Asker: 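Please see the structure below; I have some questions.
Please read these numbers as outputs of a predicted model, since none were measured by experiment. Every heavy atom of this structure was used, including side-chain atoms; hydrogens, water molecules and symmetry mates were not.
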There are 2 protein chains.
Amino acid sequence: MVDNDDRLSRVFGALADPTRRDMVARLATGDATVGELAAPYDVSLQAVSKHLKVLEEAGLVRRSRDAQRRPVHLDAEVFDLMTKWIEKYRQRAEERYQRLDQVLARMQGKDLATANDDDQQRGAAG
Amino acid sequence: MVDNDDRLSRVFGALADPTRRDMVARLATGDATVGELAAPYDVSLQAVSKHLKVLEEAGLVRRSRDAQRRPVHLDAEVFDLMTKWIEKYRQRAEERYQRLDQVLARMQGKDLATANDDDQQRGAAG
DNA sequence: GTCGTTGTCAACCATGTGGTTGAGTAAACG
DNA sequence: CGTTTACTCAACCACATGGTTGACAACGAC
């Protein structure tokens with residue numbers, strides 16, 4: 001949990017930048033060198049290198065060596081971590097939502113006349 | 001795309017903070033007031049209020065009004081946006097990976113003897 | 001060995017972020 | 001009315017982030 005917490009922060013943080021998401025998108029189609037990745041943007045190579053470092057530290061990317069070149073490879077494994085986290089809380093929220101729907105439906109069916117006393121806000125506050 | 005790009009940045013950015021993820025986790029079990037959300041952490045109420053603003057601007061949360069209280073409600077809809085983005089590139093990366101696996105498997109099956117000439121580095125370099 | 005290519009590291013700068021405190025707003029309570 | 005509760009807004013501060021430029025390292029080519 002503790003370690004994963006840090007990992008999640010890094011991954012989410014890395015993907016919070018549109019340029020970095022763009023690079024991930026590019027890398028999903030195949031490995032690329034730093035220069036190739038930098039080409040579409042009008043920022044310096046150093047800036048791109050920094051972005052790659054962020055992606056690497058988030059575990060989204062690996063860099064190897066090929067002469068002067070540093071081919072970059074997308075490592076999609078950490079995606080699972082995010083997906084699991086997201087799914088967990090999405091499901092919970094949706095279950096809650098459906099329970100609320102049921103409660104409201106039951107209330108409407110049972111006692112439409114007495115339902116507007118003081119009660120239904122508390123269901124949300126709890 | 002343009003609007004979604006900004007939205008994605010905000011959502012990923014919002015979830016890049018462990019405190020905010022924690023709040024989302026808490027809110028998945030039910031709505032809560034700002035004070036209730038602040039209780040577990042030893043930061044000021046103002047800091048929590050700021051976090052909620054970030055979550056709200058990311059579309060993860062909605063705040064309503066109940067007398068002095070501002071009940072916070074988790075809005076899990078934006079999760080879809082993230083999930084779709086993630087799945088898109090994960091799938092591409094995995095497809096690529098599987099194609100590579102097939103190529104390597106075919107190479108091993110076909111000509112194991114001649115395979116160690118110069119070729120299979122591409123697997124590691126990629 | 002020297003040169004060009006490819007990329008990293010270091011220093012710096014502007015802006016953003018998470019935290020603080022202090023003041024102010026909105027509504028219930030007395 | 002004034003007080004209390006629950007919260008937001010504004011100003012400030014330390015540090016992180018994304019960008020820059022300049023120097024330099026690793027390697028292939030000449």
Side-chain angles (χ1 to χ4, degrees), chain A residues 5-24 26-27 31-58 60-73 118 121-122 124-126, chain B residues 5-24 26-27 30-58 60-73 118 121 124-126:
Chain A
D5 215 47
D6 191 51
R7 227 172 171 55
L8 270 174
S9 293
R10 285 177 198 275
V11 180
F12 278 124
L15 295 180
D17 185 286
T19 303
R20 284 194 293 258
R21 280 201 307 281
D22 222 49
M23 287 175 177
V24 168
R26 161 70 181 82
L27 286 168
D31 296 0
T33 66
V34 180
E36 286 165 355
L37 284 168
Y41 318 102
D42 64 344
V43 298
S44 63
L45 206 70
Q46 290 95 320
V48 172
S49 191
K50 275 196 188 182
H51 280 306
L52 287 172
K53 198 174 184 184
V54 173
L55 289 171
E56 187 175 38
E57 282 167 356
L60 277 162
V61 134
R62 267 175 298 165
R63 287 188 279 183
S64 47
R65 186 110 212 198
D66 172 25
Q68 313 100 306
R69 262 151 256 122
R70 271 90 169 163
V72 182
H73 171 76
D118 62 24
Q121 333 230 104
R122 298 237 114 325
Chain B
D5 215 46
D6 190 50
R7 226 171 172 56
L8 269 175
S9 293
R10 285 178 198 275
V11 181
F12 278 124
L15 295 180
D17 184 286
T19 302
R20 284 193 294 257
R21 280 201 308 281
D22 222 47
M23 289 175 175
V24 168
R26 161 72 181 81
L27 287 169
D31 296 1
T33 66
V34 180
E36 286 165 355
L37 284 168
Y41 318 101
D42 65 343
V43 298
S44 64
L45 205 70
Q46 290 95 321
V48 172
S49 191
K50 273 196 189 181
H51 280 306
L52 288 172
K53 197 174 184 183
V54 174
L55 288 171
E56 188 175 37
E57 281 168 355
L60 277 163
V61 135
R62 266 174 299 164
R63 286 189 278 183
S64 46
R65 186 111 211 201
D66 170 27
Q68 313 99 310
R69 259 152 258 122
R70 270 87 168 165
V72 182
H73 172 78
D118 62 29
Q121 322 235 106

Asker: State plainly whether the residues A:Arg26 and A:Asp22 are in salt-bridge range, i.e. N to O under 4.0 Å.
Answerer: no
Asker: How many whole angstroms separate atom CG of B:Leu52 from atom C1' of C:dT17?
Answerer: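 Checked: the CG to C1' distance equals 16 Å.
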Asker: On the nucleotide D:dC9, are OP1 or OP2 found under 4.0 Å from the side-chain N or O atoms that B:Ser49 carries?
Answerer: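 It does not, given that no N or O in the side chain of B:Ser49 lies less than 4.0 Å from OP1 or OP2 of D:dC9.
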Asker: Starting at CZ of A:Arg70 and ending at P of D:dC27, how long is that distance when rounded to a whole Å?
Answerer: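 In whole Å, D:dC27 P lies 8 Å from A:Arg70 CZ.
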Asker: Considering just the side-chain nitrogens and oxygens of B:His51, establish if one lies under 4.0 Å of OP1 or OP2 belonging to C:dG19.
Answerer: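 It does, given that an N or O in the side chain of B:His51 lies less than 4.0 Å from OP1 or OP2 of C:dG19.
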Asker: Looking at A:Ser49 and A:Leu45, would you say the former's side chain and the latter's main chain have a donor-acceptor pair under 3.5 Å?
Answerer: no
Asker: Given D:dC27, D:dC7, C:dA27, identify the nucleotide with an atom nearest to the side chain of A:Ala67.
Answerer: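 Closest nucleotide among those given: D:dC27.
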Asker: Could you tell me whether the phosphate oxygens of D:dC7, OP1 or OP2, come under 4.0 Å of any side-chain nitrogen or oxygen in B:Thr33?
Answerer: yes
Asker: Going by salt bridge (Lys or Arg N to Asp or Glu O under 4.0 Å), name the residues that satisfy it together with B:Arg70, two or more places apart in sequence or in a different chain.
Answerer: none
Asker: Rounded to the nearest Å, what distance is computed from the CG atom of residue B:Asp6 to the C1' atom of nucleotide C:dG16?
Answerer: 15 Å
Asker: Okay, side chain of B:Thr33, backbone of B:Pro71: is any donor-acceptor separation there less than 3.5 Å?
Answerer: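 Not confirmed, B:Thr33 side chain does not pair with B:Pro71 backbone.
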Asker: Using a 3.5 Å distance criterion without hydrogens, assess whether the side chain of B:Arg21 forms a donor-acceptor pair with backbone atoms of A:Asp5.
Answerer: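 Between the backbone of A:Asp5 and the side chain of B:Arg21 there is a qualifying donor-acceptor contact (under 3.5 Å).
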Asker: Report yes if a side-chain nitrogen or oxygen of A:Arg63 is closer than 4.0 Å to either non-bridging phosphate oxygen (OP1 or OP2) of C:dG7; otherwise report no.
Answerer: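 No, A:Arg63 has no side-chain N/O under 4.0 Å of OP1/OP2 on C:dG7.
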Asker: Write down the distance between CZ (B:Arg69) and C1' (C:dA28), rounded to a whole number of angstrom.
Answerer: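 In whole Å, C:dA28 C1' and B:Arg69 CZ are 8 Å from each other.
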Asker: When the distance from CD of A:Gln68 to P of C:dG4 is rounded to whole Å, what number comes out?
Answerer: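 One finds 14 Å between P of C:dG4 and CD of A:Gln68, rounded.
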Asker: I'd like to know whether B:Met23 forms a side-chain contact (heavy atoms from CB on, under 4.5 Å) with B:Val48, so could you lay out the CA-CA distance, the side-chain angles of the two residues, the decisive distance to 0.1 Å, and finally the verdict.
Answerer: CA-CA 9 Å; B:Met23 289 175 175; B:Val48 172; 3.6 Å; yes
Asker: Would you mind reading off the distance between A:Leu37 atom CG and C:dT8 atom C1', rounded to a whole angstrom?
Answerer: 15 Å
Asker: Rounding to an integer number of Å, can you tell me how far A:Phe12 CZ sits from D:dT17 P?
Answerer: 17 Å
Asker: Please figure out whether A:Gly13 or B:Val48 has its closest DNA chain D nucleotide nearer the 5' end.
Answerer: B:Val48
Asker: Sort me out a list of protein N/O and nucleotides 20-23 of chain D N/O pairs below 3.5 Å, or just none if empty.
Answerer:
residue, atom, partner, partner atom, Å
D:dT20, OP2, A:Ser44, N, 3.0
D:dT20, OP2, A:Ser44, OG, 2.8
D:dG22, O6, A:Gln46, NE2, 2.6

Asker: For the pair made of CG in A:Asp31 and C1' in C:dT6, what is the distance, rounded to whole Å?
Answerer: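 Roughly 17 Å, once rounded to whole Å.
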Asker: Do A:Leu15 and A:Leu60 come within less than 4.5 Å of each other through their side chains, counting heavy atoms only?
Answerer: yes
